[in-house]
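Residue numbering restarts at 1 for every chain, and letters A, B, ... go by the order of the sequence lines. Here the structure is a predicted model, which is why all the values come from computation and not from measurement. No hydrogens, no waters, no symmetry mates; every other heavy atom, side chains included, goes into these values.
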Amino acid sequence: MKPAPFEYHAPRSVEEAVAVLAEVGHDGKVLAGGQSLIPILNMRLASPGHLIDINHVTGLDDIEITSDSVRVGALVRHSGLERSDSTHAALPLLRQAVVNVAHPAIRNRGTTVGSIAHADAAGEMPAVLALCDGTVEVVGPHGIREVGWQHFFLGALETVLAPDELAVATRFNRMPPGTGTAFAESARRSGDYALAGVAVRVTVSDGVVSAAAASFVSVTDVPSVLDLTPALGGRELADAGFGSALDQAAEAVREHVAPETDIHASADYRRMLVAELTRRALPIAISRSNAAFVHESAVATVSSRTNAAFEGLGGGRR
Amino acid sequence: MSTRLFGAPIKRKEDPRLVTGGGRYLDDLGHGALAAAFVRSPHAHARVVDIDADDAFELDGVLGIYAHDDLPGKVGEPLPLLIPHPALTHGRTGYALARDEVNHVGEPVVMVVATDRYVAEDACQRIRVRYEPLPVVVGIETARDGAARVHSDVPGNVAAHLTQVVGDVDAALASAPHTLTLELDIERSASTPLEGRGVYARWDDERDELRMYSSTQTSTGVRAAVAAKLDLPLAKVECIAPDVGGGFGVKIMHPWPEEVLVPWAARRLGHPVKWTEDRREHFVAAAHERGQLHTVTVGFDDDGHLLGLDVKFWHDNGAYTPYGIIVPIITSTQLLGPYKPGAYRVKFWSLYTNTVLVTPYRGAGRPQGCFAMERTMDAIADRLGLDRAEVRARNFILPSEMPYDHGLLFQDGRPLRYDSGDFPATLSKLKALVGWDDFATERAAATAQGRKIGLGIGCYVEGTGVGPYEGSHVQVETSGRVNVSIGLTSQGQGHETVFAQIVADELGVRMEDVFVTTGDTRKMGYAVGTFASRAAVMSGSAVALAARQVRAKALRIAADALEVSADDLEIVDGTVQVKGAPSASMTLGTVSVLSNPLRYAFDEAAQAATQFAGTFDPDRPPVAAGDEPGLEGKDFYSPTQATFANGMHAAIVETDPVTAEIRILRYCVVHDCGPMINPLIVEGQVHGGVAQGVGGALYERMVYDESGQLLNASFMDFLMPYASEVPTIETDHLETPSPLNPLGIKGAGEAGCIPVSAVIASAIEDAEGFAITRMPISPSELWGLRRRYAAGEITPLRRASPRSEPADRAEEPTP
């Protein structure tokens with residue numbers, strides 16, 4: 001399990017990186033955290049002739065928080081995002097989601113932008129980018145461009161990034177006031193790729209849901225946002241019938257997703273699972289929207305994670 | 001006498017070294033060695049038509065490329081069939097490199113040796129092998145069907161068929177008030193040690209000798225096999241097992257193709273060669289286990305007593321049978337657990353498939369047998385409306401019935417005769433530990449909260465410490481340091497600790513003065529290996545016997561020197577002293593000096609042993625007739641039969657009412673391995689075993705597609721449980737000594753994993769209300785079963801059905 005020969009480049013600036021990319025074209029691959037790329041190279045599933053290591057490029061490791069957005073540089077590690085309290089205060093969904101990315105050792109090395117550029121349908125952060133109506137900042141030989149999430153993802157493991165372009169940052173838009181978010185996923189083992197996952201946001205004003213949406217992990221081939229306002233909008237939280245609104249939202253999710261069967265779970269199971277996860281995540285999001293809302297769940301949640309000592313160590317439900 | 005160390009929960013002596021990076025594993029050795037890599041078959045079944053390596057030879061750094069045609073003499077002959085058996089009528093083994101046919105994905109076809117592993121793998125990629133695909137046999141049903149054959153000369157793909165019978169099963173079933181038939185299946189899993197296999201070999205041209213290192217569970221076995229293959233005198237081959245990062249069975253299989261080829265290449269090239277297995281290779285080119293389909297028909301009376309048990313099962317042995325039919329033999333005998341089966345008939349068919357070969361993996365056929373038997377026990381209890389623990393208790397072999405002979409032959413060809421155990425006591429400890437009698441209340445409380453929980457149980461008996469023998473050499477140096485060597489190997493079990501405990505007690509020395517060496521054929525040439533939970537029983541007994549010899553000799557020499565009777569002496573903390581008068585004493589180091597009469601004094605201590613020291617009787621020779629110089633002893637332990645440990649597990653499991661996610665809330669173990677040398681290590685063994693059992697119950701499977709590709713050949717998709725998936729394990733112990741060995745001990749290495757699939761299935765079934773008959777089970781599969789159950793396609797358990805009727809007589813359907 002050794003990679004095929006490749007030429008190693010260690011540019012010091014974005015311009016230099018882009019110049020190398022332009023020179024090597026399709027034969028080049030960008031190395032950031034390497035948590036997906038290196039195993040692929042070692043298994044010789046890919047044999048690029050050039051590896052462009054951007055870890056020495058300056059100016060890519062900042063998190064910038066403005067009143068509208070959180071901009072995450074291409075060298076910000078998942079763990080950096082996870083630990084940043086100011087980021088959490090600005091956009092809680094980021095931490096809620098990122099702790100579900102694999103295990104701490106992988107989060108210490110893997111980058112959030114890298115995971116978005118990798119565009120794995122099982123990735124958590126592409127779904128988060130979508131729910132935040134985010135953008136990807138791309139630098140190429142002709143300068144900088146900002147690509148909206150809807151246009152960024154073309155398919156599983158496929159994006160609009162050209163061979164001579166580098167994703168230098170992603171911008172996650174902050175939520176309107178009165179919005180609560182939650183992230184839930186279920187994996188076979190803690191930290192594994194999720195069988196299904198969901199990020200939800202709910203905006204509540206005066207005790208009434210004004211907007212709600214969800215995006216998904218592992219059950220759609222590219223990130224997609226489902227507007228749940230038709231199911232939940234205008235519903236009063238105090239209403240005894242709020243549970244049926246949740247059922248409607250779950251039903252909408254069931255119809256929206258297009259999961260596939262693999263060796264770990266059937267498509268039908270994933271469809272049920274993501275609907276149920278949504279059903280359970282929505283009340284959590286609402287409770288975080290500053291609304292005085294206590295949802296009495298009829299069913300306790302069971303995680304496949306078995307050892308109580310590992311609760312709260314990342315992965316699993318948040 | 002100082003405090004007894006046997007039985008003390010001493011922290012492991014080797015751990016500071018191992019956990020601080022001081023371990024020396026196979027890949028830590030031989031940095032200057034050439035690297036080997038292999039071109040492995042991408043096809044499950046194909047003829048090898050042509051191999052073109054021209055492009056690969058052009059790479060800088062490639063020193064050798066070898067296919068079967070290049071292998072001389074015995075190296076090119078089929079690998080040995082290690083454990084022949086009369087029922088193994090169609091045993092087949094592969095070649096070190098495939099000759100003209102490949103029989104599973106991953107089978108080695110070409111070996112490349114290069115300056116480093118990168119170049120070697122680059123070369124592999126440039127080698128073009130042309131294959132002509134043949135029909136593929138995957139799965140027991142396909143193999144049993146026999147339409148396609150793995151080996152053209154093996155009809156029906158049947159490698160072996162064996163029947164063992166005790167009593168008249170047909171008559172017992174015909175007259176039984178109740179019968180049940182169950183289909184019970186277990187899927188494939190594997191040992192998957194964290195360190196894969198690995199071989200490093202050096203040829204010494206001047207001495208015409210081979211020194212090899214292998215990450216093995218048997219260095220003596222590898223040494224003999226390699227000497228035979230390379231046509232070398234045994235005296236010219238040394239094999240050392242360095243630190244080994246786990247084995248769990250897969251490394252008792254030998255010689256692996258790589259264990260033959262790497263030494264051969266090292267000799268041919270005149271340069272050390274090393275091969276370190278990577279993870280993908282381990283999945284497709286080592287060994288798997290567990291895949292079996294079982295049909296159990298049982299007859300029983302109104303009280304749940306077994307009257308007759310008729311078991312048929314089909315064992316998937318993979319592409320070859322180098323390790324014989326040990327696994328199905330163990331299933332067929334150990335399935336009986338702690339029970340008296342009434343009349344018993346067991347038949348198995350061991351079948352070839354185009355998959356990785358099957359050799360024992362921790363538990364070795366027992367998890368399957370336990371699953372079959374324990375599912376049957378639960379079904380009987382449900383049929384009769386009886387408590388599941390009570391039905392088991394009614395069928396127990398009682399302490400008063402020990403030794404109990406089942407009338408069958410065990411895996412060592414010797415009678416299946418239980419030597420010890422108190423099953424009722426083990427069960428009552430387990431019921432107390434898990435709160436068996438209070439579970440109804442616990443369940444009612446959970447149900448009121450909308451939660452589903454279930455309680456499961458499983459019992460097993462494990463034959464441990466099989467022969468033929470193990471030995472030990474114990475030597476006291478003049479410094480007082482005690483060197484202990486045993487021939488069997490360690491894969492991290494704590495051998496440096498437990499054997500030191502035994503020696504410290506037997507000899508009267510301090511634990512820190514005892515140094516244990518394992519698995520080095522230079523130190524101990526006669527040994528079998530580490531498997532079958534045998535190290536403590538076999539080597540532990542041998543170590544005790546050898547240490548007793550040393551003690552006797554030390555007392556004799558000291559008695560002479562101190563001019564007292566040996567009976568009046570004791571050894572305390574490494575000093576031989578007169579009982580009650582410790583001022584008359586000498587250290588064991590001094591005794592060691594005296595034991596070896598010297599001509600030359602090389603230090604102060606040695607002076608005492610020289611010829612002018614004036615301490616010797618001039619009328620006696622310096623070394624008496626029949627005596628030997630040196631304070632050392634060597635002895636072997638060879639038992640007439642295995643010793644039988646036992647245990648019982650219970651678990652409380654919760655299943656999510658919507659998502660069918662499965663969570664183990666509690667896991668309880670009561671284990672009886674006789675007196676424990678070190679309870680901390682026994683607990684560790686139990687914990688590790690349960691962890692592997694949880695893997696087999698809920699996570700691990702080998703997913704082959706119909707073309708014979710292993711779809712999950714990585715730790716990303718083969719779901720070995722993390723620590724986060726392993727429950728907290730609650731343990732209790734019973735210590736019924738074995739009458740068979742000097743320490744009364746029984747093995748504990750495999751115990752933890754044996755009943756886990758049975759226990760978890762029992763608990764899920766109890767939570768869900770319908771039978772669980774196939775393991776492992778995932779949430780997706782459980783959810784699928786729920787949908788079939790809701791559609792009326794699966795019969796409810798009687799205890800879960802509000803309309804349950806009293807049991808009818810005979811011929812009742814499978815639950």
Count the heavy atoms belonging to other residues, nucleotides or ligands that lie under 6.0 Å from CD of A:E260, then report whether that count exceeds 12. no
With only heavy atoms counted, which part of B:R787 is less than 4.5 Å from chain A, the side chain, the backbone, both or neither? side chain
CE/A:M43 to CZ/B:R280 distance, rounded to the nearest 0.5 angstrom? 7.0 Å
In this structure, OG1 of B:T659 is separated from CZ of A:R280 (nearest 0.5 Å) by 5.0 Å
Grab the two heavy atoms, one from A:S190 and one from B:Y722, that are nearest each other, plus how far apart they are. O-CE1, 3.1 Å
Please find the pair of heavy atoms, one from B:V658 and one from A:M272, that lie closest to each other, and give the distance. O-SD, 3.7 Å
Minimum-distance pair of heavy atoms, taken over all atoms of A:A265 and B:S780: CA-OG, 3.4 Å
Taking all atoms of both residues into account, what is the closest heavy-atom pair of B:R117 and A:M1, and its distance? NH2-N, 4.2 Å
Mind checking the CG-CD spacing from A:L273 to B:E661? Nearest 0.5 Å is all I need. 6.0 Å
Where do B:F715 and A:R189 come nearest, in terms of heavy atoms and distance? O-NH2, 2.9 Å
Donor-acceptor contact below 3.5 Å, side chain B:E121 vs main chain A:K2: yes
Which answer fits A:P3, side chain, backbone, both or neither, if we ask what part of it has an atom under 4.5 Å from a heavy atom of chain B? both
Please look at A:H103 and chain B and tell me whether the side chain, the backbone, both or neither of the residue comes under 4.5 angstrom of a heavy atom of that chain. side chain
Between B:D717 and A:R188, does at least one N-O distance fall below 4.0 Å, as a salt bridge requires? no
Euclidean distance, A:D262 CG relative to B:L711 CG, rounded to 0.5 Å: 10.0 Å
Between A:D268 and chain B, with a heavy-atom cut-off of 4.5 Å, which part of the residue counts as in contact: side chain, backbone, both or neither? both
Any chance NZ of A:K29 has more than 12 other-residue heavy atoms, nucleotides or ligands included, within less than 6.0 Å? no
So, for B:L719 and A:H264, which heavy atoms are closest and what is the spacing to 0.1 Å? CD1-ND1, 3.7 Å
More than 12 heavy atoms of other residues, nucleotides or ligands under 6.0 Å from CD of B:E730: is that the case? yes
Select one option (side chain, backbone, both, neither) describing which atoms of B:E281 are under 4.5 Å from chain A's heavy atoms. neither
Above 12 or not: heavy atoms from other molecules or residues under 6.0 Å from NE2 of A:H26? no
